[in-house]
Each structure stands twice: as C-alpha cells, then as structure tokens.
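All remarks here apply to the structure that follows.
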Amino acid sequence: MRRCSRTGCTELAVATLTYVYADSTAVVGPLATQAEPHSYDLCTKHAHRLTAPRGWEVVRFEGEFAPPQPSNDDLTALAEAVREAGRVDRPVDAVPTTGTGRRGHLRVLPGPVDD
C-alpha cells in the first residue's frame, strides 16, 4: 500500500496526479498500478482539494476514489519470494573472508591485524 505524497500526510493513496506540461493540465485519476517518478500519489482529501496554478486546467476522475485491493498476483509474488528465501538448497554467494572483494554495491574490507 502506498501513502499520499503530500508532506506530512500519512493517509493511504487512492489517486495519482500527473502533469501534462504541453497542455498546462493537471490530471487526477485512479491510483496507478505502479509508482512512477514523475507522478504523485494522493489520498482522497488531497485528490479532491487539488488546485492548479493560474492558467492551468485540472482534469479529475468523476467516480469515487477507492483504495486498491490486493490482487492474486501480489499475493502470489509474495508467496514465491518467501518460498525462495526459505529454500535449503538455494545457492548462497560466497563472501570473501580475506583480502578485499566486491559484491554488488558492497565492499568487504579486511579485518584489523593483530600485532
């Protein structure tokens, strides 16, 4: 569940706001299936109260905004992830124990040397 993008708001998001700069239009519609970097998730209160700058038009979804319901796809993906993490025969990447090494964005540094 995603939260409203407005600062200080902790309500669940039910709508998505996008801007069409070429048309000077703000579009408030049902919650997008995935969060996008150039759109904003809004709760019911903020979706209905949104105003646009002077000269801009607001296009708003006419129906009621409803929180999204979890789909079977979401539950299946979660179950698969838990099942994969719990597999005993799952290959585990070896982490170097001596010297330095890189593993993705992490780096293994050697431990302190005892004198």
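Every residue two or more places apart in sequence or in another chain that forms a side-chain contact (heavy atoms from CB on, under 4.5 Å) with Ala47 is listed here: Ala15, Val28, Leu42, Phe65. Residues forming a side-chain contact (heavy atoms from CB on, under 4.5 Å) with Tyr19 (at least two apart in sequence, or on another chain): Leu17, Tyr21, Ala26, Tyr40, Trp56.
Sorted by first then second residue, the salt bridge (charged side-chain N to carboxylate O under 4.0 Å, His left out) pairs that include residues 5-25, not counting sequence neighbours, number zero. Applying the salt bridge (charged side-chain N to carboxylate O under 4.0 Å, His left out) rule to pairs touching residues 37-52 yields Arg2-Asp41, sequence neighbours excluded.
Side-chain atoms of Arg3 and Cys9, non-hydrogen and from C-beta on, never get closer than 4.5 Å to each other.
Note: Leu31 CG to Ser39 OG = 9.0 Å, rounded to the nearest 0.5 Å. Rounding to the nearest 0.5 Å places OG1 of Thr51 at 11.5 Å from CZ of Arg54.
Between the side chain of Arg60 and the backbone N or O of Leu50 there is at least one donor-acceptor pair closer than 3.5 Å. Using modelled atom types, no side-chain atom of Thr16 and backbone atom of Gly29 make a donor-acceptor pair closer than 3.5 Å.
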